[in-house]
Amino acid sequence: MTHKKVLVTGAMGQIGSELTGVLRRKYGRENVVATDIRKPEGVLAGSGPCDVLDVTDKTAVFTMLQKYGINTVYHMAAILSATGEKHPALCWNVNMNGSINIMDAAVELGLETVIIPSSIAAFGPETPRFNTPQETILRPRTMYGVTKVCGELLGDYYVKRFGVDIRGVRYPGIISSETLPGGGTTDYAVDIFYKAVEEGTYTCFVKEDTKLPMMYMPDCIKATIDLAEADKESLVHSCEYNLAALSFTAGELAAEIRKHVPGFEVTYEPDFRQAIADTWPATIDDSAARNEWGWQPDWNLENMTMDMLEKLRAKI
Ligand code: NAD
Ligand code: SER
């Protein structure tokens with residue numbers, strides 16, 4: 001097996017910042033380059049090579065990959081759903097041109113493996129809302145969702161047309177304690193923990209009965225690396241694996257937190273993100289991921305809530 005030389009794009013983001021640390025521990029800190037359009041700093045900068053990289057700049061992408069002799073890319077740079085609705089042209093540019101540049105690099109520079117995430121945002125209101133199948137209707141209503149469906153299709157095209165190895169999952173909303181989420185619709189499921197610890201009250205921007213698929217960061221990272229390392233022969237799909245761990249309403253999450261933060265008060269004031277949430281599924285059928293590369297989550301609502309509160313209490 002070739003020695004891994006990994007580059008993470010969007011490494012300052014919610015997922016990239018934690019993924020980079022795990023990859024550095026796994027492959028050696030010198031072998032994992034953290035890049036972002038923002039200058040990497042903090043633990044990320046102190047624990048291995050870092051660089052500024054705008055993924056929409058094709059020349060810069062190619063130069064960076066060659067400079068570090070990269071053979072594996074985790075492409076985490078993106079504009080998420082809520083920011084994407086405020087800035088749709090930016091969302092298209094970063095999500096599509098960024099991904100195309102990475103895919104072209106896979107072909108032209110002969111990268112071994114590329115991970116490009118998709119999202120539950122690929123689904124839309126016509127998609128079956130419960131136990132959403134692997135193969136289903138993909139008619140999103142957000143620019144972010146449009147870029148995710150296009151990214152899946154393009155990735156599959158590059159895999160078949162050029163024989164490159166591009167893989168991806170449809171992440172649910174990711175909950176984590178290290179880096180704040182970067183402008184998505186599922187951000188309330190992280191914000192609520194911070195406010196519970198800091199203030200004991202929270203004003204939630206979706207309705208109490210809004211139910212969405214979610215996942216705790218350790219499961220997200222496990223899934224991402226397991227997929228990247230899965231035996232290619234066992235994979236039937238490439239860029240569009242459904243992935244599930246938890247599904248709960250905003251009210252159920254509040255109630256679980258209240259078990260550990262007595263008197264925690266939550267009010268509900270839905271904003272424009274409610275309309276986005278209403279187009280996404282409640283529960284996901286991830287049997288393809290389970291069958292093809294052995295995916296299974298470790299975290300449930302109860303132990304995730306305890307762990308989040310413990311980590312945030314130590315941090316804040
Ligand atoms: P994030 O918003 O937290 O981080 C994205 C990073 O990309 C940021 O650090 C930002 O500075 C960087 N970036 C923006 N424009 C860039 C550019 N032109 N060039 C380089 N970097 C740029 O996002 P995340 O939550 O870490 O998401 C990572 C991936 O996972 C994305 O593809 C996202 O769509 C997907 N995803 C995330 C979630 C979630 O809940 N976090 C859910 C589903 C899918
Ligand atoms: N968490 C992401 C968002 O809300 C889903 O892709 O945008």
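Heavy-atom basis, side chains included; hydrogens, waters and symmetry copies ignored. FYI, the numbering just counts along the sequence from 1. Both counts, for ligands and for their atoms, begin at 1 and track the order of listing.
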- Nearest-0.5 Å distance that lies between atom CD in Glu135 and atom NE2 in His237: 4.0 Å
- Query: Just checking, any donor-acceptor pair under 3.5 angstrom between side chains of Lys315 and Tyr194?
  - Reply: yes
- Query: So, does Lys148 sit close enough to ligand 1 that a heavy atom of it is under 4.0 Å from the ligand?
  - Reply: yes
- When you look for heavy atoms under 4.0 Å from ligand 1, do you find them on the side chain of Thr186, its backbone, both, or neither? side chain
- May I ask you to check whether over 12 heavy atoms, not counting those of Glu126, lie within 6.0 Å of atom CD? yes
- Message: Please report the interatomic distance OG1(Thr210) to NZ(Lys207), rounded to the nearest 0.5 Å.
- Response: 6.0 Å
- Atoms of ligand 1 close to Ser119 [distance to a heavy atom under 4.0 angstrom, numbered from 1]: 43 (C), 44 (C)
- Could you see which bit of Arg38 sits under 4.0 Å from ligand 1, with heavy atoms only: side chain, backbone, both or neither? side chain
- Message: Looking at ligand 2, would Trp280 count as a contact under a 4.0 Å heavy-atom criterion?
- Response: yes
- Considering only heavy atoms, does Val94 approach ligand 1 within less than 4.0 Å through its side chain, its backbone, both, or neither? side chain
- Of the listed options (Ser119, Ala121, Gly184, Ala82), which comes nearest to atom 5 (C) of ligand 2 when hydrogens are ignored and any heavy atom counts? Ser119
- Query: Which ligand 1 atoms are under 4.0 Å away from a heavy-atom of Asp54?
  - Reply: 17 (C), 18 (N), 19 (N)
- When distances are taken from atom 7 (O) of ligand 2, the protein heavy atom at minimum range is Ser81 OG, 2.6 Å
- Message: Distance under 4.0 Å to a non-hydrogen atom of Gly173: what atoms of ligand 1 satisfy this?
- Response: 40 (O)
- By number and element, which atoms of ligand 1 are closer than 4.0 Å to a non-hydrogen atom of Leu53? 19 (N), 20 (C)
- Qualifying residues under ring pair (Phe, Tyr, Trp, His ring centres under 6.0 Å), relative to Tyr158, sequence neighbours excluded: Phe162
- Query: With a cut-off of 6.0 Å (strictly less than), are more than 12 heavy atoms of other residues, nucleotides or ligands near CD of Glu265?
  - Reply: no
- One finds that the ligand 1 atoms under 4.0 Å from a non-hydrogen atom of Tyr144 are 33 (C), 34 (O), 35 (C), 36 (N), 43 (C), 44 (C)
- Specify whether Trp293 and Trp295 have parallel, tilted or perpendicular ring planes, treating 30° as the upper limit for parallel and 60° as the lower limit for perpendicular. tilted
- Task: List every atom of ligand 1 that sits less than 4.0 Å from any heavy atom of Gln14, numbering the atoms from 1 in the order shown and giving each element.
- Result: 1 (P), 3 (O), 25 (O), 26 (O), 39 (C), 41 (N)
- Do any N/O atoms on Thr185 end up under 3.5 angstrom from N/O atoms on ligand 2? yes
- Message: Could you tell me, atom by atom, which parts of ligand 1 come under 4.0 Å of a heavy atom of Pro172?
- Response: 40 (O), 42 (C), 43 (C)
- Message: At under 4.0 Å between heavy atoms, is it the side chain or the backbone of Leu80 that contacts ligand 1, or both, or neither?
- Response: side chain
- Among protein heavy atoms, which lies nearest atom 1 (N) of ligand 2, and at what distance? Thr186 OG1, 2.6 Å
- Decide whether an N or O pair under 3.5 Å exists between Pro181 and ligand 1. no
- Query: Is the number of heavy atoms from other residues, nucleotides or ligands under 6.0 Å of Glu269 CD greater than 12?
  - Reply: no
- Task: Show your reasoning for whether salt bridge (charged side-chain N to carboxylate O under 4.0 Å, His left out) applies to Asp187 and Arg273.
- Result: CA-CA 10 Å; Asp187 292 11; Arg273 290 167 282 192; 5.3 Å; no
- Check each atom of ligand 1 against the heavy atoms of Ser118 and keep those under 4.0 Å away; list them by number with element. 44 (C)
- Item | Pair Ser81-Thr185, side-chain donor/acceptor within less than 3.5 Å | yes
- Ranking Ala122, Ala78, Gly182, Ser17 by closest non-hydrogen atom to atom 5 (C) of ligand 1, top hit is Ala78
- Task: Between Ile174, Ile120, Val55, flag the one that comes closest to atom 40 (O) of ligand 1 by a heavy atom.
- Result: Ile174
- Message: Considering non-hydrogen atoms of the protein only, which is the closest contact for atom 11 (O) of ligand 1, and what is the distance?
- Response: Asp36 OD1, 2.7 Å
- In terms of heavy-atom contacts, does CZ of Arg139 have more than 12 from other residues, nucleotides or ligands at under 6.0 Å? no
